[in-house]
Amino acid sequence: MAAVTRLVKHSRLSAVPSFWKAMTTATASSSASASASLSSRSDLSSRSVQWVFLGCPGVGKGTYASRLSHLLGVPHIATGDLVRHELSSNGPLSHQLAEIVNQGKLVSDEIIISLLSKRLEAGEARGESGFILDGFPRTIRQAEILDGVTDIDLVVNLKLPEQALIEKCLGRRICGQCGKNFNVASINIEGENGMPGISMAPLMPPSQCASKLITRADDTEAVVKERLLVYSEKSQPLEEFYRNRGKLLEFDLPGGIPESWPKLLEVLNLDEHEEKLSAAA
Ligand SMILES: Nc1ncnc2c1ncn2[C@@H]1O[C@H](COP(=O)(O)OP(=O)(O)O)[C@@H](O)[C@H]1O
């Protein structure tokens, strides 16, 4: 916990580690040599937090990463959003991406790193500092590339039972007009084998959004199950990767946002007071 407290203190400090271009270069070479050839940025005392959120599809990475990004004043960067943005732009990659995403498969490391590098460079040009990454890294190779170009301070691994993950993905809705996320699933899973049960209330849209809700094309039951399989095969090994480096914070969500958010703040040694401070800054 002391390490987390120390990291949180660093969130007040600013300066931008400029490693985005190095990351693109790293993708082009092998990850091992990339790690060796690129200088590591480890000056924690002069920069904002660099956190990663891990967790299965539907666990709520986006929700909690976004809340923490407001609290800590760092950008929340979700590679899934970058992919969906590219898809909707009808650019040269969109046809290829649609096929991959709608089958629940992973986009190539090269494409993801190119999208992420562009996003980070644009942020750097705007003076952004630090980040909370959501959905990246998702493979050991991506983690090695990231590891070769910068230091990640903390990796938060969110966890929920599989039944809840499927129901949450199927209940996910987005307002086509304002872009806000909702969830119409009402989850009640009984505890068994010593594991506690879990209840999550739906997050219903207000009336102005109710008629404009859309569902992600990859949130069908078959595709969600495929994404969960891909996660356990390609992304689960990241837990060990970061655990071995002493960076992994495991967090079993105790319920929906009202129960989970205060507990998450508690384990991160943050409180709502910091939210007001960062809003006022
Ligand atoms: N780091 C990544 N590597 C490869 N593909 C990715 C990555 N991030 C996102 N994607 C692609 O975008 C899709 C949607 O990502 P995301 O919104 O993070 O979904 P999920 O709800 O499954 O966590 C993924 O299924 C995958 O096809």
Side-chain angles (χ1 to χ4, degrees), residues 20 23-24 26-27 31 51-66 69 76-89 91 93-120 131-147 149-150 152 155-160 162 164-174 179-183 185 203 214-239 241-242 253:
W20 329 134
M23 192 148 84
T24 322
T27 334
S31 50
W51 289 2
V52 163
F53 265 69
L54 289 184
C56 288
V59 77
K61 296 184 295 294
T63 303
Y64 296 102
S66 163
S69 91
H76 163 217
I77 301 177
T79 43
D81 288 346
L82 301 181
V83 169
R84 281 182 288 279
H85 184 260
E86 186 67 29
L87 271 174
S88 64
S89 73
L93 287 178
S94 41
H95 186 70
Q96 187 192 348
L97 286 179
E99 220 167 276
I100 299 169
V101 173
N102 292 339
Q103 286 175 17
K105 308 281 187 211
L106 290 187
V107 172
S108 73
D109 292 340
E110 284 68 23
I111 292 180
I112 279 294
I113 288 185
S114 154
L115 293 175
L116 181 58
S117 301
K118 271 190 224 146
R119 166 63 187 83
L120 290 167
F131 51 74
I132 298 182
L133 291 179
D134 153 10
F136 185 94
R138 231 177 176 103
T139 62
I140 291 285
R141 182 164 179 252
Q142 291 178 8
E144 285 171 349
I145 290 170
L146 188 62
D147 200 38
V149 294
T150 196
I152 294 302
V155 177
V156 182
N157 187 29
L158 298 182
K159 296 201 278 190
L160 272 178
E162 182 165 318
L165 296 169
I166 296 175
E167 289 182 31
K168 279 195 68 205
C169 282
L170 299 182
R172 198 146 58 178
R173 300 288 182 276
I174 303 153
K180 284 208 178 108
N181 291 291
F182 303 101
N183 205 303
L203 183 61
I214 47 178
T215 305
R216 270 169 53 174
D218 58 344
D219 274 344
T220 63
E221 188 164 352
V223 179
V224 170
K225 287 187 170 162
E226 176 62 23
R227 279 157 55 208
L228 287 170
L229 275 180
V230 169
Y231 189 89
S232 68
E233 188 191 323
K234 302 264 173 66
S235 306
Q236 214 106 42
L238 292 173
E239 293 176 11
F241 181 94
Y242 286 118
L253 291 158

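Note that these values count all heavy atoms, side chains included, but never hydrogens, waters or copies made by symmetry. Each residue takes its place number in the sequence, starting with 1. Computed from a prediction, not measured in an experiment: that's the story for all the values here. Numbering of ligands and ligand atoms starts at 1, following listing order.
Note: no N/O pair closer than 3.5 Å links Phe136 and ligand 1 by distance alone. Considering backbone and side-chain N/O of Val107, one or more are found under 3.5 Å from N/O of ligand 1. Looking at Lys61 next to ligand 1, an N or O pair under 3.5 Å apart turns up. On a distance-only criterion, Asp81 and ligand 1 share no N/O pair closer than 3.5 Å. Taking distance alone, with nitrogen or oxygen atoms compared against 3.5 Å, Asp134 stays at or beyond that limit from ligand 1.
Every residue two or more places apart in sequence or in another chain that forms a salt bridge (Lys or Arg N to Asp or Glu O under 4.0 Å) with Arg119 is listed here: Glu128. Applying the side chain to side chain donor-acceptor pair (under 3.5 Å) rule to Asp134 yields the partners His76; only residues at least two apart in sequence or on another chain are considered.
Contacts of Arg141 with ligand 1, taken as heavy-atom pairs under 4.0 Å, are absent altogether. At a heavy-atom cutoff of 4.0 Å, ligand 1 is contacted by the side chain of Arg84 but not by its backbone.
Ligand-side atoms of ligand 1 in range of Pro57: 20 (P), 21 (O), 22 (O), 23 (O), range being under 4.0 angstrom from any heavy atom.
Of the options Gly104, Gly135, Gly80, the smallest heavy-atom separation from atom 15 (O) of ligand 1 is shown by Gly80.
Not a single heavy atom of Gln103 lies less than 4.0 angstrom from ligand 1. Distances from ligand 1 to the non-hydrogen atoms of Val101 include at least one value under 4.0 Å.
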